[in-house]
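Report on one structure; see the data block that follows.
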Amino acid sequence: VGVVNKDQIFRHEFVRTRHHPPGIAYIMFNHQRPIFKDVRVRRALAMLLDLDTVVNKIMHGIGRRVGPLYWFKDPHYAADLKPTPYNPEAAKALLEKAGYADKDGDGALEKDGQPLRFTFLYVAASKSQQRWLTIYQQALRKAGVTLEIAPMDWAAYLARLRAHDFDAAALGMRFTGPFSDLYEQLHSSQIKDGQNYAAFSDPEADRLMEAIRVEMNEPKRAALSGKLQKLLYDQVALLPIFAEEEVGVVSRKVHGVYT
């Protein structure tokens, strides 16, 4: 009797499924913190995170890089806005333009006598996040930026976010359908007692988010969505990490499963 290939049996009886639920994971830089008020600093810090390595090595390819903050299957997704590239040299140039320099030769950037330093909160149970934050910490250190990583339990984490008592953190957002709605995460009315934990505020972004919610004309709504995505992208309102992906296994006896 020949040896049975277990993998062949598995592939004969089951099918692997990969599904992207409507939503994305993202990083928040607290806009109330002085160091994050300068968009050049926010963009530089974004360019110092190697998200291709995060997705391909740490997440094992389970996830998809995105540029704008919309779900990539949204009919109005602005595909021309590419994911922020990992570019340490360009990041250093931006920080220099923002006034940061290593004036005493100790390898640390500073401005007005204050070092460029911030703390990133994360939920201690997330081992994958701990791994990519360590990679981020090392890249930042090479660029002269000090990152402290602070693990905590979910209850304490959420309490800090709600109080805007953090420098940087990561979360995920889910949408109820194919169309992306960023009102709860980014409208200025949601800073107090809402989910705009990053405290992002922009009058034009507010106007666009309000208009998108009530516009019934599809071409007009698409145009509004394009303008909003570009504005948020240029401002680095939030930094998209990846579109989430769910992987599963389904028996071939079950039909009609979305894969």
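To the nearest 0.5 angstrom, N196 atom CG is 4.5 Å from I191 atom CD1. Note: L49 CG to I135 CD1 = 9.0 Å, rounded to the nearest 0.5 Å. If you take CZ on R174 and CD1 on I24, they are separated by 11.5 Å, rounding to the nearest 0.5 Å. The OG atom of S189 lies 9.5 Å from the CD atom of E184; values are rounded to the nearest 0.5 Å.
Both F36 and L147 are members of a single hydrophobic cluster when ILVMFWY side chains are connected at heavy-atom separations under 4.5 Å. No chain of hydrophobic side-chain contacts below 4.5 Å, direct or via other Ile, Leu, Val, Met, Phe, Trp or Tyr residues, connects I241 to M47. Connection of L81 to W71 is not established within any shared hydrophobic cluster, with ILVMFWY side chains joined at heavy-atom distances below 4.5 Å, either directly or through further cluster members. F179 and L208 are not part of a single hydrophobic cluster, where members link through side-chain heavy atoms under 4.5 Å apart. Both V123 and M173 belong to a common hydrophobic cluster when Ile, Leu, Val, Met, Phe, Trp and Tyr are linked at side-chain heavy-atom distances under 4.5 angstrom.
The side chain to side chain donor-acceptor pair (under 3.5 Å) analysis of residues 126-141, with sequence neighbours excluded, yields the pairs Y122-Q130. Legend: side chain to side chain donor-acceptor pair (under 3.5 Å) pairs involving residues 77-89, not counting sequence neighbours: none detected. Screening residues 187-211 for salt bridge (charged side-chain N to carboxylate O under 4.0 Å, His left out) gives E204-R207 as the qualifying pairs, with residues at least two apart or on separate chains. Here ring pair (Phe, Tyr, Trp, His ring centres under 6.0 Å) pairs that include residues 195-235, with residues two or more places apart or in two chains, are H31-F200. For the side chain to side chain donor-acceptor pair (under 3.5 Å) condition, no pair includes a residue of residues 96-113, sequence neighbours left out. For residues 224-236, every residue pair satisfying the salt bridge (charged side-chain N to carboxylate O under 4.0 Å, His left out) rule, not counting sequence neighbours, is listed here: K230-D234. Pairs passing the salt bridge (charged side-chain N to carboxylate O under 4.0 Å, His left out) check and including a residue from residues 145-154, sequence neighbours excluded, read R117-E148. Pairs passing the salt bridge (charged side-chain N to carboxylate O under 4.0 Å, His left out) check and including a residue from residues 41-56, sequence neighbours excluded, read D52-R65.
Residue V39 shares its hydrophobic cluster (ILVMFWY side chains chained together at separations under 4.5 Å) with V236. Summarising the hydrophobic clusters (Ile, Leu, Val, Met, Phe, Trp, Tyr; side-chain heavy atoms under 4.5 Å, direct or chained), the residues clustered with V214 are none.
Looking at heavy atoms from C-beta onward, P88 lies in side-chain contact with L48 at the 4.5 angstrom threshold. Side-chain contact check for V145 versus F118: some heavy-atom pair is nearer than 4.5 Å. Residues Q185 and Q195 have side chains in contact (heavy-atom distance under 4.5 Å, counting atoms from C-beta outward). Side chains of T53 and I58 form no contact here, defined as non-hydrogen atoms less than 4.5 Å apart. Contact annotation: the side chain of L69 never approaches that of S180 to less than 4.5 Å [non-hydrogen atoms, C-beta and beyond].
Side-chain atoms of N30 come within 3.5 Å of backbone N or O of H164 as a donor-acceptor pair. Judged purely by atom type and a 3.5 angstrom limit, D165 has no side-chain atom pairing as donor or acceptor with the backbone of R160. Side-chain atoms of Q229 come within 3.5 Å of backbone atoms of A78 as a donor-acceptor pair (strictly under, hydrogens ignored).
When the shell of 6.0 Å around NZ of K142 is examined, it contains 12 or fewer heavy atoms from other residues, nucleotides or ligands. By the neighbour-count criterion of 12 heavy atoms within 6.0 Å, atom CZ of R213 is densely surrounded, having more than that number from other residues, nucleotides or ligands.
For F166 and F120, the ring centers sit 6.0 Å or farther from each other.
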Start with the C-alpha gap between L116 and L140, add the side-chain angles, then the distance that decides, and say whether side-chain contact (heavy atoms from CB on, under 4.5 Å) holds.
-> CA-CA 10 Å; L116 183 50; L140 288 169; over 6 Å; no

Go through L171 and L161 one step at a time and tell me if the side-chain contact (heavy atoms from CB on, under 4.5 Å) criterion holds.
-> CA-CA 10 Å; L171 270 182; L161 297 188; 3.7 Å; yes

May I have the step-by-step check of side-chain contact (heavy atoms from CB on, under 4.5 Å) for L239 and Y26, ending in yes or no?
-> CA-CA 5 Å; L239 174 61; Y26 59 92; 6.0 Å; no

Start with the C-alpha distance between L95 and L109, add both sets of side-chain angles, then the distance that settles side-chain contact (heavy atoms from CB on, under 4.5 Å), and finish with yes or no.
-> CA-CA 9 Å; L95 292 174; L109 296 178; 3.7 Å; yes

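Remark: H187 engages Y183 in a ring pair (Phe, Tyr, Trp, His ring centres under 6.0 Å) (not counting sequence neighbours).
Annotation: cation-pi pair R64/F72 present, NZ/CZ under 6.0 Å from the ring centroid and within 45° of its normal.
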Show every donor-acceptor pair shorter than 3.5 Å between a side-chain atom in residues 215-225 and any protein atom, with sequence neighbours excluded, or say none if there are none.
| residue | atom | partner | partner atom | Å |
| --- | --- | --- | --- | --- |
| E215 | OE2 | N217 | N | 2.9 |
| N217 | OD1 | K220 | N | 3.0 |
| E218 | OE2 | H76 | NE2 | 2.8 |
| R221 | NE | I212 | O | 3.1 |
| S225 | OG | Y70 | OH | 3.2 |
| S225 | OG | R221 | O | 3.1 |

